[in-house]
Amino acid sequence: MFPSDKFKEKAADFVLVKIDVDQQGELASKYEVSGIPDIIFLAPDGTVKHRALGFRGTEGLIQEMDKAKAL
């Protein structure tokens, strides 16, 4: 979805997981997904560290990744 080298470099620091809210409603409810896309950055213990709701584009998503890493 985001094929840029810059995105791939940043994404290497994360485990990327996509869920289908229609098929995995219980998981979507657990994390209070209220819109799509809802990008949730989790700490290793599963707590929400940072969240970005709505489409951001490649550069916007990279900025959100940087925010999440800084927390």
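Values in this document were obtained by computation on a predicted structure and should not be read as measured data.
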Could you pull out every donor-acceptor pair under 3.5 Å between side chains of residues 3-12 and any protein atom, sequence neighbours left out?
{"unit_1": "Ser4", "atom_1": "OG", "unit_2": "Phe7", "atom_2": "N", "d": "3.0"}
{"unit_1": "Lys6", "atom_1": "NZ", "unit_2": "Glu59", "atom_2": "OE1", "d": "3.4"}
{"unit_1": "Lys10", "atom_1": "NZ", "unit_2": "Asp66", "atom_2": "OD1", "d": "2.8"}

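Distance CD1/Ile19 to CD1/Ile40: 7.0 Å, rounded to 0.5 Å. Put simply, CD1 on Ile36 and CZ on Phe55 are 14.5 Å apart, with the number rounded to the nearest 0.5 Å.
Every residue two or more places apart in sequence or in another chain was checked for a side-chain hydrogen bond (donor to acceptor under 3.5 Å, both in side chains) with Ser29, and none qualifies. Shown here are the salt bridge (Lys or Arg N to Asp or Glu O under 4.0 Å) partners of Asp13, two or more places apart in sequence or in another chain: Lys69. In this structure Lys67 satisfies the side-chain contact (heavy atoms from CB on, under 4.5 Å) test together with His50, Glu64, sequence neighbours excluded. Take Val15 and apply the side-chain contact (heavy atoms from CB on, under 4.5 Å) test, not counting sequence neighbours, and it matches Val17.
Pairs of residues two or more places apart, or lying in two chains, that qualify as salt bridge (Lys or Arg N to Asp or Glu O under 4.0 Å) and include a residue from residues 18-42 are Asp38-Arg51. Residues in residues 8-35 take part in these ring pair (Phe, Tyr, Trp, His ring centres under 6.0 Å) pairs, two or more places apart or across chains: Phe14-Phe41.
Residues Leu42 and Val48 are in side-chain contact: their nearest non-hydrogen atoms beyond the backbone lie under 4.5 Å apart.
Leu71 shares a hydrophobic cluster with no other residue; no ILVMFWY side chain has heavy atoms under 4.5 Å from its own. Within the hydrophobic cluster formed by Ile, Leu, Val, Met, Phe, Trp and Tyr side chains joined at under 4.5 Å, directly or through other members, Leu53 stands alone, with no partner residue.
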